[in-house]
Amino acid sequence: MRTGVRGWRWRRNPLRRRSDVVEAWTVLITAVLLFVVTPLVGVAAGLRAHDTAQHLAAAQRAERNQVRARVIGDPPQRVSGGQTDRGYPYRARVSWTEPGKGVRTAWARVPAGTLTGDTVSVWFDARGRSVSPPPNAAAVWQHTVTVGLVAAGGTASVVLLGHAVERRIALRRRLAEWEREWARTGPKWTQPRA
């Protein structure tokens with residue numbers, strides 16, 4: 001059966017060592033860092049990431065043009081290599097009518113499952129190259145939450161690693177302290193009795 005006294009490290013008593021007080025303070029500091037500072041770091045990183053992602057999405061929306069085009073020619077081909085885009089993994093020849101410029105055709109990224117003759121939304125940059133659509137609100141929030149969670153997790157890891165290092169150092173000092181005490185009192189207990 002184990003009995004414990006709450007707060008014994010904080011109370012004055014003859015058995016309390018300096019290492020007990022240091023350990024009590026480090027546990028308190030670690031708890032504050034984990035439960036107060038870590039969430040604040042995650043929220044701050046998430047808010048900064050949200051602002052950055054919103055500005056990036058707005059800039060991409062301003063420089064990219066969405067066009068409703070019809071898929072023509074051969075069936076769409078899967079994009080190979082590192083040029084794939086999750087939402088638009090295929091390339092197809094598309095045509096659309098641009099006001100004042102007539103009918104235009106180009107290769108563009110199209111969604112999976114697109115067939116010849118389908119009308120799809122495609123995105124082009126200022127140079128006329130096919131690009132992926134700009135991030136929508138859901139993608140911005142997904143980025144925000146991911147950055148916030150990673151920042152909070154990283155902060156918690158650093159705090160817990162620091163606490164583990166402190167515990168290891170405290171244990172070494174405590175054992176050295178016990179060795180010194182035993183070296184001083186041990187001979188009194190181990191001398192032969194006459």
Side-chain angles (χ1 to χ4, degrees), residues 26-101 104-167:
T26 57
V27 167
L28 179 67
I29 290 168
T30 301
V32 168
L33 289 174
L34 278 178
F35 297 116
V36 177
V37 175
T38 297
L40 290 176
V41 167
V43 167
L47 289 175
R48 182 167 170 86
H50 182 73
D51 288 343
T52 304
Q54 271 190 325
H55 290 308
L56 177 67
Q60 286 182 358
R61 275 193 294 282
E63 73 178 27
R64 296 178 182 187
N65 299 321
Q66 182 181 19
V67 185
R68 295 290 294 166
R70 193 168 59 90
V71 178
I72 59 172
D74 295 332
Q77 303 166 358
R78 186 154 186 85
V79 176
S80 62
Q83 299 175 348
T84 60
D85 182 11
R86 263 185 286 168
Y88 293 77
Y90 292 90
R91 283 178 42 102
R93 192 119 178 111
V94 297
S95 77
W96 71 96
T97 304
E98 225 177 85
K101 294 185 182 177
R104 293 192 58 194
T105 61
W107 285 94
R109 294 178 180 185
V110 294
T114 303
L115 302 173
T116 302
D118 287 351
T119 302
V120 293
S121 293
V122 292
W123 291 84
F124 293 98
D125 63 7
R127 295 183 199 160
R129 292 180 301 182
S130 176
V131 292
S132 59
N136 59 9
V140 169
W141 277 106
Q142 181 182 12
H143 177 71
T144 300
V145 170
T146 301
V147 169
L149 288 175
V150 168
T155 303
S157 298
V158 168
V159 168
L160 291 174
L161 179 66
H163 181 65
V165 167
E166 184 279 327
R167 292 284 304 239

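Throughout, residue positions are numbered sequentially from 1 according to the sequence presented.
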Exercise. Mind checking what makes side-chain hydrogen bond (donor to acceptor under 3.5 Å, both in side chains) contact with Thr105, not counting sequence neighbours?
Worked result: Arg93

For this session: With sequence neighbours excluded, tell me which residues meet salt bridge (Lys or Arg N to Asp or Glu O under 4.0 Å) with Arg104.
Result: Glu98

Problem set entry | Donor-acceptor contact below 3.5 Å, side chain Asp118 vs main chain Leu115 | yes

Seminar exercise, completed: By salt bridge (Lys or Arg N to Asp or Glu O under 4.0 Å), Arg129 pairs with (sequence neighbours left out) Asp125

Problem set entry | Set of salt bridge (Lys or Arg N to Asp or Glu O under 4.0 Å) partners for Arg167, sequence neighbours left out | Glu23

Which atom pairs, one a donor and one an acceptor, fall under 3.5 Å between side chains of residues 28-37 and the rest of the protein, sequence neighbours left out?
residue : atom : partner : partner atom : Å
Thr30   : OG1  : Thr26   : O            : 2.7
Thr30   : OG1  : His163  : ND1          : 3.2

Problem set entry | Non-hydrogen atoms of Pro135 and Ala57 that approach each other most closely | O-CB, 3.7 Å

Problem set entry | For Trp107 against Phe124, the heavy-atom pair lying closest together | O-CE2, 4.1 Å

Side chains of residues 63-73: which donor-acceptor pairs under 3.5 Å do they make with residues two or more places apart or in other chains?
residue : atom : partner : partner atom : Å
Arg64   : NH1  : Ser132  : O            : 2.5
Gln66   : NE2  : Ser121  : OG           : 3.2
Arg68   : NH1  : Ser121  : OG           : 2.8

Exercise. Of the non-hydrogen atoms in Asn136 and Ala139, which two are nearest, and what is the gap between them?
Worked result: OD1-N, 2.9 Å

Problem set entry | For Ala58, side chain to side chain contact (heavy atoms under 4.5 Å, CB included) partners two or more places apart | Arg61

Name the atoms and distances for all side-chain donor-acceptor pairs under 3.5 Å in residues 143-155, with sequence neighbours left out.
residue : atom : partner : partner atom : Å
Thr144  : OG1  : His50   : ND1          : 3.1
Thr144  : OG1  : Val140  : O            : 2.9
Thr146  : OG1  : Gln142  : O            : 2.8
Thr155  : OG1  : Ala151  : O            : 2.8

Problem set entry | Expected output: side-chain Thr114 to main-chain Val110 donor-acceptor under 3.5 Å | no

